[in-house]
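Every chain is numbered from 1, with letters handed out A, B, ... down the list of sequences.
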Amino acid sequence: MSDLSRRKWLSLLVSLLVCNTVHADDLSPQFHFSGFGTLGFAYNDSSRFDYVRDLSQASGVGATRRVDFGVDSLLGLQLRSIATDNLEATVQVVSRRSQNGFRPQLTWAFAKYAIGDTIDLRAGRLGFDVYPLADSRNVAYSYLGVRPPVEYFGNLIISYLDGFDAVLKYPIGSAHGKLKIFTGKAKEGVPTFDPQVVFSLKDSPLAGIHTEFQSQNWIARLGYSELRIQNEFPSFPPLLETLRSPFIGAVTPLGSGVADHLQFKNKKIRYLSAVVGYDDGPFQAQWMFSRITSQSLGFASNASAFMTLGYRVKAWTPYLTLSQTHPIDIQHVETGIALGYNILLDQLDASVKQVALSTLSRRQNISLGVRYNINASSDLKIQFDHFNSKEHLLIRNERPGWNGTGNIVSASMNFIF
Amino acid sequence: MKLMRISIQTRLQQLRLVWAIFVLPIVFIVAFQINAVAGANPLDFVIVSNLGSGIDKMSKDEVINVYMGRNRKLASGISALPIDVNHPTAEKEFFYLAMVNKELAEINSYWARLSFSGQGSPPKQVKSAEEALNLVIENKGAIVYLDRKKVDKRVRIIFDPLK
C-alpha cells in the first residue's frame, strides 16, 4: 500500500471514529480514549556490549550508555469508537525506541465487525499475534516482567501487519475454544549490525493460524505463521552477484547454489509455537515454546522457550523467569573454493561463512523480580537478569574481550489510563 | 573416566533444568494456597438482571465468563452488559476476589492485555450501586453485583453465591 493510499485509509478510519461519536446513541461512551506507558531504566554492569529488548533496537544499555532510560520506556495512546454492538474502530500509536528513534508508530488501526458471539472480523493494521503476548508486549502493565523475555520475543522482527484476521470462538463445556486466521503484509524494517542500514520487510506477505483452549484456570495454544520476505538484505546484492558470476562459476560449481541459499528475497520464515498457561488466584505460570525455521542462510533457524512463575502476596508479586534460545539446523556452508591460493577468493569464502554464522543466537537467561501494585492502574517492577550468551544475535555493539555473560538491573513504573 | 564424569555432570544439569521447569510450578500450586478472600471486606452480594433478560439463573462460571469478556451474550441470546460499580471500591474488590480470587490490579492487567490488542473491553464502569441498578432496569442485557439489601422487585436475582 502506498503512503498516499495509507493516509487516505487512515483518514477514513478517523472519520469513522469521529462520526460514531456524533450519531451513536447507546449507553456507553462512543469515544473512548485510553493509553499505557512505561518509564523504565536499565543498568548493565558491563561496558563491552549493549543489551537490547529486541532486534528493532540498534543500541541499548552497556557499551553505548551504562544506565539507559530508553530501552523499555514508551507511551501508547489509543482511540476507540463503538458504532453498534457489532461494529467498532480502533487506532493506537506507540512511541518507543526503535530504528526510528522514538518516532511514534501506528501500531493498530482497524475496524472490527462481530457476528454474534462467535466470529470477529478485523481489517486494517493489526498486531502480529504469532505468540500470546506478542501483540501486547508494549503494554508492560499487562504482564509480570519489566519486559517480555528477550530470548523468546527478541527474535520477532515484525510487530504488526496490514491485513485481515478472523476469529471463531466456540464453547467447549464451560471452557472456550478459539480458532484464528490472519493474513497481511509486513510494514517494518529491522536494523542491521550497521545501525545506518535497515533491512526493510515492507510488503512481505505473512499469514498464520492458531487454535486456543481456555478454561477458568488453563490456557493452551498451538500456532503456525509464515513470512515470505519480499526484499533482499541491503548488503547482499554485490555478494550474490559475485557468487553467480562466470568468474566464480569457473572456480567452483557451488557458487550459484550458495547464492540461492543465501538470498532473502522470496524465502520463508516459519514460526511454530506452543503455549501452556495456568492462572489461579494469586498464582500464575506460563510455559512457551517456539521454533523459527528459515529458508535463508542469512537468518539462522532457532528454538526458544521460557517459563515464568509468579505468586502474589498482597500487593507484591515476586516472579521468576527462565528463558533460552539456541540455533537449530545449523548450516555448514561449503563454497567449494580452494583456500590459500587467492586472497580475494579467500575473502569471499570467509564472507559467506560469516553470513551463515552472524545470526546465530544461543543464550540462557534467568530473571528474578518483583512487581508492586501501587494502585489498580499502575505498578512498579524491579528485575535482575543474568545471562550467558554464546552466540550474540540479541546483542548490539559488542566490544572485544566480552566473555558472553551479562548482568542487568532494571526498574520500571508502568501505568494504564 | 573424565568423559563419564562430564556426561554425569551434563545429565545432572539437564535433570535440574527439568526439575525447575516442571516440578517447581507443581510445588507452588500444592504448597502455597492462601485464601485472599479472607482479608477483604465481606459483601453479601448477588448478581441481578433485568426482568426481561430471558434468564432465570446463571452459574458461577457463566458470570465469570461474561465479566471476563469470554461470553458477549447471555444464554437467552441478548447482548450482555456487565457492570462494574466503582464506589465503594471495596465492593468491586470483594466481587472479584470472591469470584476469581484476583485483586483489582490483576483484573485491570488482564483487561489491559485484551483492550490494547483489540480483543475486548472491560465491563461498563459506573459510580454507584444506584446508577447500576437503574441501568439494569433500563437494559435487558445488563447484569451487576449488588448488596443483597439493595435488591428490589424491579430486578431479578440470577446468581446467589450462598446457594
Side-chain angles (χ1 to χ4, degrees), chain A residues 27-28 32 34-36 76 78 80 82 85 88 90 92 108 110 112 114 116-117 120 122 126-127 129 133 135-136 138-139 141-144 167 169 171 174-176 214 216 278-285 287 305 307 309 311-315 317 320 322 373-379 416, chain B residues 17 20-22 24-29 32-37 39 59-62 64-65 68 70-74 77 79-81 86 89 92-93 97 99-121 123-126 135 138-139 141-142:
Chain A
L27 302 165
S28 53
H32 186 64
S34 58
F36 54 89
Q78 178 165 296
R80 179 168 170 255
I82 304 167
D85 284 348
E88 62 180 75
T90 299
Q92 184 188 106
W108 295 86
F110 63 89
K112 176 176 166 183
D117 209 11
D120 288 344
R122 300 189 303 187
L126 307 165
D129 188 19
L133 302 188
D135 59 352
S136 58
N138 288 327
V139 191
Y141 187 77
S142 69
Y143 49 83
L144 276 182
V167 175
K169 291 177 272 191
S174 62
H176 291 80
Q214 184 170 25
Q216 298 299 359
Y278 181 78
D279 191 341
D280 187 5
F283 176 71
Q284 55 178 291
W287 298 264
M307 174 199 72
L309 305 174
Y311 194 88
R312 170 179 51 80
V313 179
K314 301 294 184 185
T317 306
L320 163 73
L322 303 174
N373 294 323
I374 300 170
N375 53 37
S377 57
S378 65
D379 67 27
I416 57 171
Chain B
L17 190 59
I21 289 173
F22 291 103
L24 260 181
I26 296 171
V27 169
F28 268 93
I29 293 168
F32 297 99
Q33 292 294 319
I34 296 176
N35 186 357
V37 177
S59 67
K60 184 178 181 183
D61 280 349
E62 287 172 331
I64 293 170
N65 284 337
M68 302 306 277
R70 294 174 202 141
N71 286 347
R72 289 196 297 248
K73 289 187 184 296
L74 303 177
S79 290
L81 179 64
N86 283 329
T89 309
K92 184 178 174 183
E93 285 175 354
L97 279 171
M99 296 297 279
V100 292
N101 198 10
K102 290 288 187 188
E103 301 210 337
L104 285 186
E106 292 169 304
I107 297 297
N108 289 342
S109 183
Y110 167 86
W111 280 114
R113 178 173 64 81
L114 295 187
S115 64
F116 292 117
S117 59
Q119 297 182 60
S121 55
K124 179 166 177 59
Q125 308 295 305
V126 300
L135 268 179
E138 292 165 7
N139 292 279

>> So, using side-chain contact (heavy atoms from CB on, under 4.5 Å) as the criterion, who are the partners of B:A80 when residues are at least two apart?
In response: B:V66, B:L74, B:P82
In terms of heavy-atom proximity below 4.5 Å to chain B, should [X] be classed as side chain, backbone, both, or neither?
X      : result
A:S378 : neither
A:D120 : side chain
A:D135 : both
A:L126 : neither

> Tell me, do B:R113 and A:V139 make a side-chain contact under 4.5 Å, heavy atoms counted?
Replying inline: no
> Is there a side-chain contact between A:V167 and B:Q119, using heavy atoms and a 4.5 Å cut-off?
Replying inline: no
>> Using 0.5 Å steps for rounding, measure from the CD atom of A:Q216 to the CG atom of B:N101.
In response: 12.5 Å
> Rounded to the nearest 0.5 Å, how far apart are CZ of A:R80 and OG of B:S121?
Replying inline: 3.5 Å
> Checking A:Q78 side chain against B:S115 main chain: does a donor-acceptor pair fall under 3.5 Å?
Replying inline: yes
>> For A:S377, is there any backbone N or O sitting under 3.5 Å from a side-chain donor or acceptor partner on B:N108?
In response: no
> With a 4.5 angstrom heavy-atom cut-off, which part of B:Q125 approaches chain A: side chain, backbone, both or neither?
Replying inline: neither
> In terms of heavy-atom pairs under 4.5 Å, which option from A:G76, A:G127, A:G35 contacts chain B the most?
Replying inline: A:G35
> Below 4.0 angstrom, N of the basic side chain to O of the carboxylate: do B:R72 and A:D85 qualify?
Replying inline: no
